[in-house]
There are 2 protein chains.
Amino acid sequence: MTDSTNAAPASGSIRADVQLSPMQVPKASDVLADDLRERILRGDFPEGTALPPERELVAQTRMSRTTVREALRILEVQGLVQIRTGRSGGAFVKRPGEESIASTVSLLIRGRQVRLAALLETREAVEPACAQLAAKYRTDADLVALDRANDAIALEGPLADFLQANVDWHVAVAVASHNELLTGFMGALSRAIYAATDNQGFINAEVRKTTLQAHRNITEAIRKRDVAAAGRRMTKHVHEYASAVLEVEDRTAIDVPGD
Amino acid sequence: MTDSTNAAPASGSIRADVQLSPMQVPKASDVLADDLRERILRGDFPEGTALPPERELVAQTRMSRTTVREALRILEVQGLVQIRTGRSGGAFVKRPGEESIASTVSLLIRGRQVRLAALLETREAVEPACAQLAAKYRTDADLVALDRANDAIALEGPLADFLQANVDWHVAVAVASHNELLTGFMGALSRAIYAATDNQGFINAEVRKTTLQAHRNITEAIRKRDVAAAGRRMTKHVHEYASAVLEVEDRTAIDVPGD
DNA sequence: CTGTTAGTTTGGGTACGACCAAATGAGCGG
DNA sequence: CCGCTCATTTGGTCGTACCCAAACTAACAG
């Protein structure tokens, strides 16, 4: 560091002898974003209200419009505001929803190239609990959604339709749990598994039938609010599904060892 | 598509008679961000490599620097790049990690003001599975972390230290599961519960003792790779904890009905 | 020769200023 | 009263200039 032996103010001007620790200079846009985020999360602005226009914020904060815009962009990416153009546009306060978690989870799955095995394992970990909560808290509307998805699965259409209906049903279970955290998490997980299971080519009529039956059984347990049965059956279902997928994956890996 | 009845080029200039559907014009910065994000996720750039400097991207894309910067800011918020200043600075490719999920989950919890009951419920849903996976995949290093956290809990220091050590232990269990998704999720959840449980004033010596014992039992099951015991004991532990917290919360709610 | 210091270069951060595009509302004519 | 046009508001983009931070470089002093 700088020396510490100069305490003798010689003749002439005096030099202050301060000791400063290395200091961090946060970016102006971050400061603004942090402030606005804090206010939003604290509930200062009711959902749907518009923040002041950019030029107004410029006047208030005395920052440049560039900086203000960057701050707003940060909040937009974090799902805290929604920005609309045009007259009476602006940054409208929005509470983050499930899609917020879902997109982040998707990014991590793709970015880290999480293996299919890990995805299935995670689903085995979380979804039985979802089913239990669904059995506990389901509403009649939830049952309608579950039945609709099951009907779509029974339709024997093209593969993509089956997979989509499959995802819809799993998502419906998560929604029926009435737990936003789990819903967002499971939504991203189901979609990722769907994407990875596509082109896997192990879905045959047999698998479809088994899946449909399992879904119906679980749905019934949820309908009867039978928490234990819902958990038990879901555990079995996702485990069997995982086993089947992984078996095919291994076989495929052997078939095409170079890939 | 476009109509088919205009095949008569009259005299003079010809006016094309096209039918255009309302089209959405995506923002330039989003287009760039989407493109870069796709490349990053596809693995075009190894982690740690730097994207071209902003002015270089300006030259390549023929967009303004403002636009380029906004795109980079988006990627930064999404945790896909890390921006450093100074010479040899720039946007360095980064794979999103657990902290990415954790921050999003935290935002949702705060923004939606998720009730403590829901948080505890979610933990009851996820953490037993974490414990099971931890028992399955734990390494010796994981055990060290768990033991260290338990030792800190036994220390009988101030409340904040106890709560911190408590969080550390729960996070250590999640880490020991070696599942990035669950780790990020549980990390945010534990911290949120910690924050909500603070000032709750129900942590007494009795609770501390019980917690320590439960943690030790679970740690032992993880050490012995006893999957069933780990799951069972964790289920019991988090359930009891939740019950205790909620009971106190109810009592507090009755004591101070106005708040 | 060595160490320190003062440039120099390369990068991001901020500030204006101008103009474009979209959405809305006011005013005007039918 | 209806519909059209036009002005206004507000975000989106552009370009330029300048500042600050970090790392490298060369010159200078010892």
Side-chain angles (χ1 to χ4, degrees), chain A residues 1-6 15 20-36 40 45 48-94, chain B residues 20-37 40 45 48-94:
Chain A
M1 301 297 177
T2 58
D3 67 348
S4 57
T5 60
N6 62 339
R15 169 149 299 185
L20 292 180
S21 46
M23 38 205 305
Q24 47 190 356
V25 180
K27 287 186 293 187
S29 49
D30 283 333
V31 174
L32 215 199
D34 288 346
D35 187 81
L36 290 174
I40 291 174
F45 316 104
T49 59
L51 266 46
E54 293 178 357
R55 292 164 174 91
E56 172 72 19
L57 286 176
V58 168
Q60 292 184 11
T61 65
R62 286 150 187 212
M63 291 167 168
S64 78
R65 197 166 157 222
T66 313
T67 304
V68 169
R69 282 179 56 76
E70 266 193 46
L72 291 176
R73 181 55 48 97
I74 291 172
L75 297 181
E76 188 191 30
V77 175
Q78 292 180 329
L80 291 171
V81 302
Q82 187 201 341
I83 297 178
R84 285 203 297 264
T85 67
R87 190 173 183 174
S88 84
F92 293 83
V93 173
K94 192 183 85 177
Chain B
L20 293 180
S21 47
M23 37 205 306
Q24 47 192 356
V25 180
K27 286 186 292 187
S29 49
D30 283 334
V31 174
L32 213 198
D34 289 346
D35 187 82
L36 289 175
R37 178 175 31 244
I40 291 174
F45 316 103
T49 59
L51 265 48
E54 294 179 356
R55 293 164 173 93
E56 171 71 20
L57 287 176
V58 168
Q60 292 184 11
T61 63
R62 280 128 188 239
M63 291 168 169
S64 77
R65 190 156 164 231
T66 312
T67 305
V68 169
R69 281 178 57 77
E70 269 195 42
L72 291 177
R73 181 56 40 99
I74 291 172
L75 296 181
E76 189 190 30
V77 175
Q78 292 180 330
L80 291 171
V81 302
Q82 188 200 342
I83 296 178
R84 285 204 298 263
T85 66
R87 188 174 183 175
S88 83
F92 293 83
V93 174
K94 192 184 86 176

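Atoms considered below: every heavy atom in the structure, side chains included; atoms not considered: hydrogens, waters and symmetry mates. Chain A is the first sequence line, chain B the second, and so forth, proteins listed ahead of strands; every chain is numbered from 1.
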Here's a test of your reading of the structure: between A:Val58 and B:Gly86, which maps to the more 5' nucleotide of DNA chain C?
B:Gly86
Non-hydrogen atoms of A:Ala71 and A:Ser29 that approach each other most closely
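Between these two residues, the closest heavy atoms are CB-O, 3.5 Å.
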Nearest heavy-atom approach of A:Glu54 to A:Val68 is O-CG1, 4.1 Å
Length of the [atom1]-[atom2] vector between [X] and [N], whole Å:
{"X": "A:Glu70", "N": "D:dG11", "atom1": "CD", "atom2": "C1'", "answer": "15 Å"}
{"X": "B:Asp30", "N": "D:dG11", "atom1": "CG", "atom2": "P", "answer": "16 Å"}
{"X": "B:Arg65", "N": "D:dC18", "atom1": "CZ", "atom2": "P", "answer": "14 Å"}
{"X": "B:Lys27", "N": "D:dT10", "atom1": "NZ", "atom2": "P", "answer": "17 Å"}
{"X": "A:Arg73", "N": "D:dT13", "atom1": "CZ", "atom2": "C1'", "answer": "11 Å"}
{"X": "A:Glu76", "N": "D:dG12", "atom1": "CD", "atom2": "C1'", "answer": "12 Å"}
{"X": "A:Glu56", "N": "D:dG11", "atom1": "CD", "atom2": "C1'", "answer": "15 Å"}

One thing to verify: whether B:Arg73 and B:Glu70 come together as a salt bridge, which I'm taking to mean a side-chain N less than 4.0 angstrom from a carboxylate O.
no
Measuring to OP1 and OP2 of D:dT13, would you say a side-chain N or O of B:Ser29 lies under 4.0 angstrom away?
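Answer yes for this pair, as a side-chain N or O of B:Ser29 is under 4.0 Å from OP1 or OP2.
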For [X], answer base if it contacts any base atom (sugar-phosphate contacts may also be present), sugar-phosphate if it contacts only those atoms, and nothing otherwise; contact means non-hydrogen atoms under 4.0 Å.
{"X": "A:Ser88", "result": "sugar-phosphate"}
{"X": "B:Ile83", "result": "sugar-phosphate"}
{"X": "A:Thr66", "result": "base"}
{"X": "B:Ser64", "result": "base"}
{"X": "B:Arg84", "result": "sugar-phosphate"}

To the nearest 0.5 Å, tell me how far [X] [atom1] sits from [Y] [atom2].
{"X": "B:Gln78", "Y": "B:Arg37", "atom1": "CD", "atom2": "CZ", "answer": "4.0 Å"}
{"X": "A:Asp34", "Y": "A:Lys27", "atom1": "CG", "atom2": "NZ", "answer": "11.0 Å"}
{"X": "A:Glu56", "Y": "A:Leu51", "atom1": "CD", "atom2": "CG", "answer": "11.0 Å"}

Is a donor-acceptor pair below 3.5 Å formed from side chain A:Arg87 to base D:dT8, judging by atom type as modelled?
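Looking at the base of D:dT8, it does pair with a donor or acceptor on the side chain of A:Arg87 (distance under 3.5 Å).
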Residue A:Arg55, side-chain atoms from C-beta onward, closest of D:dT10, D:dA22, D:dT13:
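Output: D:dT10.
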Bounds of contact between DNA chain C and chain A, in 5' to 3' order, using a heavy-atom cut-off under 4.0 Å:
C:dG13 to C:dG25
Yes or no on side-chain contact (heavy atoms from CB on, under 4.5 Å) for B:Leu72 and B:Leu36, after CA distance, side-chain angles and deciding distance?
CA-CA 9 Å; B:Leu72 291 177; B:Leu36 289 175; 4.3 Å; yes
